[in-house]
Number of protein chains: 2
Amino acid sequence: MRDEPDNKARLRLWLKLLKVTRSIEAELRERLRIEFASTLPRFDVMSALARNADGLKMSELSGLLKVSNGNVTGIVERLVEDGHVRREPVPGDRRASRVRLTPQGEEEFARQAAEHESWVGGLLQALDPHEATEMNERLNRILREETR
Amino acid sequence: MRDEPDNKARLRLWLKLLKVTRSIEAELRERLRIEFASTLPRFDVMSALARNADGLKMSELSGLLKVSNGNVTGIVERLVEDGHVRREPVPGDRRASRVRLTPQGEEEFARQAAEHESWVGGLLQALDPHEATEMNERLNRILREETR
DNA sequence: GATATTTATTTCAAGTATAAAGTTTCAGGC
DNA sequence: GCCTGAAACTTTATACTTGAAATAAATATC
């Protein structure tokens, strides 16, 4: 195979990529747990809902977050129990329901998001904005390559 | 806060990092499932054991892979059931046990690792070796920054 | 040598994840 | 009006994940 050596460099990169994201994820998860008694998946769901004030259907949510349908069911269920999120019927379609942040949910998410942003800023301090932007672009190339 | 705008760039990078690793992970997981009836965590464990022919203690394994102790127990358990892995007593310490690949496990892992490497090579095709190496280095900086 | 602490691992409870199967509803053709 | 197939979800089975509690063995302390 002609480009086997190239693949070695890519494999090393992949392992490093995994290591970095896992360690950052672990750090964020722990802080969410300690400071907000929450979890990353819940944060992700609330984040998606915060960006969509009109709410999202379950299938839209699972599509956006790229997690399975059945998974979203459970996460939303717990958010409902905590009063952060509400299910509303979709007029004209009794199969679907629209999920939306409650006022308390909005407020809680605003607090979490502010903290989250500064946590990430701190964890990625080693990169200046230019490097961050460049890396972002290369990651975009990977993403595009992949969805072909 | 003085560097709030910088944090925005870092936050964007973090979200992209998550997106890329998750989508690659999903792809690898699916291929492992279809072609080898296995999973990523199992592959990770076998990979660590392949690099340590003398075997590893459970705690060493969980330290290397950075997953919880309790987690490794279950994964190893299933690998034992499949005959890929064996537990051996550690002489002089009846608490510990050493986990090691069986001959079949070694053979199976060799097949999986070869495929895995070429899968990753394909998924990261968008980057040439130089870019891959540069990104690797920047990720190292993040990792170092973080563990302080 | 009894007691306390530490170390190695497992067990447990809760949450997250997937794929696959099941339920209900909708929309189109007939 | 009924049938068929697709769509929106939920349920189920299985696996992975964590943090914390439990167990058991080794080591340190007195």
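Proteins come first, then strands; the chains are lettered A, B, ... in the order of their sequence lines, and each starts at number 1.
- Judged as a salt bridge (Lys or Arg N to Asp or Glu O under 4.0 Å), not a single pair has a partner in residues 72-81 of chain A (not counting sequence neighbours).
- Every salt bridge (Lys or Arg N to Asp or Glu O under 4.0 Å) that Arg95(B) has, sequence neighbours left out, goes to Asp93(B).
- Remark: Arg33(B) engages no residue in a side-chain hydrogen bond (donor to acceptor under 3.5 Å, both in side chains) (not counting sequence neighbours).
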Set out, line by line, the N/O atom pairs under 3.5 Å between protein and nucleotides 21-24 of chain C.
none

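- Remark: the backbone N or O of Ser97(B) is not paired with any side-chain donor or acceptor of Arg87(B) at under 3.5 angstrom.
- Within the structure, the side chain to side chain donor-acceptor pair (under 3.5 Å) test picks out the following pairs touching residues 126-135 of chain A (sequence neighbours left out): Glu131(A)-Arg141(B), Glu134(A)-Arg138(B).
- Put simply, CG on Leu61(B) is 13 Å from P on dC16(D), counting in whole angstrom units.
- By the side-chain hydrogen bond (donor to acceptor under 3.5 Å, both in side chains) test, Gln112(B) pairs with Glu108(B), sequence neighbours left out.
- Applying the side-chain hydrogen bond (donor to acceptor under 3.5 Å, both in side chains) criterion to Lys16(A), with sequence neighbours excluded, gives Asn136(B), Asn140(B).
- Going from atom NZ of Lys57(A) over to atom P of dA7(D) covers 11 Å, rounded to whole Å.
- Residues from residues 64-92 of chain A with heavy atoms under 4.0 angstrom of DNA chain C, sorted by number: Lys66(A), Val67(A), Ser68(A), Asn71(A), Ile75(A), Arg78(A), Gly92(A).
- Of the residues in residues 28-53 of chain A, those placing a heavy atom less than 4.0 Å from an atom of DNA chain C are Thr39(A), Pro41(A), Arg42(A), in numerical order.
- Qualifying salt bridge (Lys or Arg N to Asp or Glu O under 4.0 Å) partners for Arg22(A), counting only residues two or more places apart in sequence or in other chains: Glu25(B), Asp44(B).
- Taking the nucleotide of DNA chain D with the nearest heavy atom to each of Asp93(A) and Ala26(A), the more 5' of the two is matched to Asp93(A).
- A search for side-chain hydrogen bond (donor to acceptor under 3.5 Å, both in side chains) contacts involving Ser23(A) returns Glu146(B), not counting sequence neighbours.
- Under the salt bridge (Lys or Arg N to Asp or Glu O under 4.0 Å) criterion, Glu88(A) pairs with Arg86(A), Arg100(A), sequence neighbours left out.
- Rounded to whole Å, atom P of dA17(C) lies 11 Å from atom CG of Leu18(B).
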